[in-house]
Amino acid sequence: MTAPIRFDGEVAVVTGAGRGIGRAEAVLLAERGANVVVNDVARERVDEVVAEIRASGGRAVPSYDSVSTVDGGHAIVQTALDSFGGLEALINNAGFLRCGYFEDLTLAQIDEVLDVHLRAAFHVTQPAWRVMKSNGYGRVLMTSSSSGMFSHHGLANYAAAKAGVYGLTKALAYEGLDHGIAVNALLPFADSAIGVDNPIPDWTAHRQRYIADDEQALLATRRDPMLTAVLSAYLVSRACTVSGEAFSACHGRYARVFVAATEGWLADGTGNVTIETLGAHFDQVRDTTRHSVPRFVFDEIADVARRLVEKQTV
Ligand SMILES: NC(=O)c1ccc[n+]([C@@H]2O[C@H](COP(=O)([O-])OP(=O)(O)OC[C@H]3O[C@@H](n4cnc5c(N)ncnc54)[C@H](O)[C@@H]3O)[C@@H](O)[C@H]2O)c1
């Protein structure tokens with residue numbers, strides 16, 4: 001039988017845990033023994049989640065600070081240290097939408113979304129990182145989004161922020177390698193009020209182009225935030241040893257999402273590379289049949305170096 005995955009004695013911070021996915025993550029981690037900092041700017045919701053966790057015998061404290069400021073990030077981490085004396089797991093989850101077609105997005109909408117998703121990941125993770133690095137252990141989960149990695153309409157600000165979160169995940173995964181810190185990204189799908197507060201324009205019309213109504217009804221039965229929280233909890237547990245990867249929890253389908261490089265066209269020599277010779281090989285450049293998934297930039301360069309050496313020896 002598989003050993004249960006538990007967080008006894010560990011401290012976890014979940015931002016935006018007042019409702020939706022964050023709430024499910026906080027409740028699940030507490031159920032599994034973690035001491036949880038329940039963070040959200042919505043005070044009443046924080047208090048409800050803390051009360052719910054305590055009522056079931058778990059340990060939780062409230063944090064009402066905003067992830068969107070440097071001070072807020074420090075205060076959230078300090079709450080973990082003051083209340084429980086450590087920090088092993090951080091889930092950056094807080095956020096909201098500010099929707100609109102690209103030509104209509106205001107600077108305020110762009111800034112607010114970059115602040116709450118991308119800059120917040122710096123504000124909260126930096127103070128947490130110092131603790132984790134000095135302890136030689138940590139798990140960080142960045143909440144990215146399929147809207148950022150695969151894209152759709154009406155959310156260019158959000159897509160850019162969430163793709164940035166993926167980039168930050170990769171960067172920190174490398175920096176965490178020698179310090180026992182694993183950093184991964186989550187691409188969730190779940191029932192929540194995030195899109196009710198800020199509806200994506202023409203969402204139903206766009207969705208109906210690709211997903212039939214009966215399929216949509218089936219998908220709707222598999223949107224419980226707990227389906228996502230299970231993946232989140234795994235990714236911030238000691239059982240999870242991968243780092244720098246992204247995982248999608250899509251209606252009960254769990255999958256890795258990765259950025260790959262095609263085998264591409266390796267020019268014979270650099271002297272004969274012109275716009276036209278490149279264009280002549282463009283299908284080969286784009287052909288995804290053979291590809292690699294570089295973990296870090298050095299993997300990509302090393303792959304080219306290996307092929308150049310092979311070329312020389314034939
Ligand atoms: N629901 C989905 O299908 C989905 C899909 C992709 C990505 N996401 C991402 O997952 C995360 C959670 O989304 P959700 O659907 O549960 O949303 P939600 O709106 O239910 O919950 C988000 C919570 O974040 C809080 N919050 C907002 N600004 C904050 C701030 N400055 N500081 C602290 N807390 C703040 C809100 O008060 C709210 O309680 C978000 O990052 C979202 O972008 C959700």
Side-chain angles (χ1 to χ4, degrees), residues 13-28 37-50 62-77 79 90-99 109 111-125 141-152 154-155 157-166 168-169 185-200 203 207 216 219-220 222-229 231-232 235 246-253 257:
V13 166
V14 184
T15 69
R19 71 178 187 195
I21 297 165
R23 180 200 152 274
E25 290 168 336
V27 167
L28 182 57
V37 175
V38 177
N39 163 264
D40 204 300
V41 287
R43 282 179 166 260
E44 280 180 18
R45 295 204 290 262
V46 169
D47 293 344
E48 277 170 25
V49 176
V50 168
S63 150
Y64 311 110
D65 298 289
S66 170
V67 298
S68 294
T69 67
V70 174
D71 289 349
H74 277 274
I76 293 165
V77 170
T79 301
L90 165 64
I91 301 184
N92 287 305
N93 163 81
F96 49 67
L97 308 179
R98 296 289 182 260
C99 308
Q109 286 177 310
D111 280 342
E112 279 174 26
V113 163
L114 290 175
D115 280 348
V116 84
H117 294 287
L118 184 54
R119 290 200 184 91
F122 286 86
H123 301 329
V124 188
T125 311
L141 183 63
M142 304 282 190
T143 307
S144 181
S145 172
S146 291
S147 301
M149 301 303 289
F150 301 132
S151 93
H152 58 75
L155 279 183
N157 49 354
Y158 180 79
K162 289 302 200 185
V165 162
Y166 174 74
L168 182 60
T169 302
L186 172 76
L187 282 56
F189 287 85
D191 253 340
S192 85
I194 196 167
V196 178
D197 291 351
N198 280 274
I200 299 166
W203 174 252
R207 194 198 67 213
Q216 181 57 29
L219 292 170
R222 300 167 69 101
R223 286 182 62 89
D224 185 337
M226 203 46 93
L227 284 170
T228 290
L231 175 58
S232 309
L235 292 173
F247 298 92
S248 159
C250 183
H251 304 276
R253 187 288 337 257
V257 170

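For ligands, and for the atoms within them, numbers begin at 1 and follow the listed sequence.
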S.K.: Give me the residue, atom name and distance of the protein heavy atom closest to atom 22 (C) of ligand 1.
M.R.: G95 O, 3.6 Å
S.K.: For atom 5 (C) of ligand 1, what is the closest protein heavy atom, and at what distance to 0.1 Å?
M.R.: P188 O, 2.9 Å
S.K.: So if I count the atoms of ligand 1 from 1 in the order they appear, which ones are less than 4.0 Å from some heavy atom of G20?
M.R.: 16 (O), 20 (O)
S.K.: Have a look at ligand 1 and work out which part of A120, if any, has a heavy atom under 4.0 Å from it: side chain, backbone, both or neither.
M.R.: neither
S.K.: Is it the side chain, the backbone, both or neither of V116 that has a heavy atom closer than 4.0 Å to ligand 1?
M.R.: side chain
S.K.: Does T15 offer a backbone N or O that forms a donor-acceptor pair with the side chain of N39 under 3.5 Å?
M.R.: no
S.K.: Which residue and non-hydrogen atom of the protein lie closest to atom 40 (C) of ligand 1, and at what distance in Å?
M.R.: N93 O, 3.1 Å
S.K.: Once salt bridge (charged side-chain N to carboxylate O under 4.0 Å, His left out) is applied, what residue pairs with a partner in residues 15-24 remain, sequence neighbours excluded?
M.R.: R19-D197, R23-E52
S.K.: Could you list which atoms of ligand 1 come closer than 4.0 Å to a heavy atom of H117?
M.R.: 41 (O), 43 (O)
S.K.: Going by atom types only, do Y64 and D47 share a side-chain donor-acceptor pair under 3.5 Å?
M.R.: yes
S.K.: What is the closest protein heavy atom to atom 32 (N) of ligand 1, and at what distance does it sit?
M.R.: V67 N, 3.1 Å
S.K.: Between L186 and T228, is the side chain to side chain contact (heavy atoms under 4.5 Å, CB included) condition met? List the steps.
M.R.: CA-CA 9 Å; L186 172 76; T228 290; 3.9 Å; yes
S.K.: Give the ring-plane orientation class for W203 versus H152, where under 30° counts as parallel, over 60° as perpendicular and anything between as tilted.
M.R.: perpendicular
S.K.: Tell me which protein heavy atom sits closest to atom 18 (P) of ligand 1, plus the residue, atom name and distance to 0.1 Å.
M.R.: R19 NE, 3.4 Å
S.K.: Record the part of L187 in heavy-atom contact with ligand 1 below 4.0 Å; permitted values are side chain, backbone, both and neither.
M.R.: neither
S.K.: Evaluate the side chain to side chain contact (heavy atoms under 4.5 Å, CB included) criterion for residues V113 and L97: first the C-alpha distance (whole Å), next the side-chain angles of each, then the deciding distance (0.1 Å), finally the verdict.
M.R.: CA-CA 7 Å; V113 163; L97 308 179; 6.0 Å; no
S.K.: Quick one: does ligand 1 sit under 4.0 Å from the side chain of R23, the backbone, both or neither, non-hydrogen atoms only?
M.R.: neither
S.K.: Out of Y158, F96, Y64, who gets a non-hydrogen atom closest to atom 8 (N) of ligand 1?
M.R.: Y158
S.K.: Do ligand 1 and K162 have nitrogen or oxygen atoms that lie under 3.5 Å from each other?
M.R.: yes
S.K.: Starting from atom 14 (P) of ligand 1, find the nearest protein heavy-atom neighbour and note its residue, name and distance.
M.R.: S192 OG, 3.5 Å
S.K.: Give the residue, atom name and distance (to 0.1 Å) of the protein heavy atom nearest atom 13 (O) of ligand 1.
M.R.: I194 CD1, 3.9 Å
S.K.: How would you list, by chain and number, every residue that makes a ring-ring contact (aromatic ring centres under 6.0 Å, His included) with F247, sequence neighbours excluded?
M.R.: none
S.K.: Which one holds for T143 and ligand 1: side chain close, backbone close, both close, or neither close, with close meaning a heavy atom under 4.0 Å?
M.R.: side chain
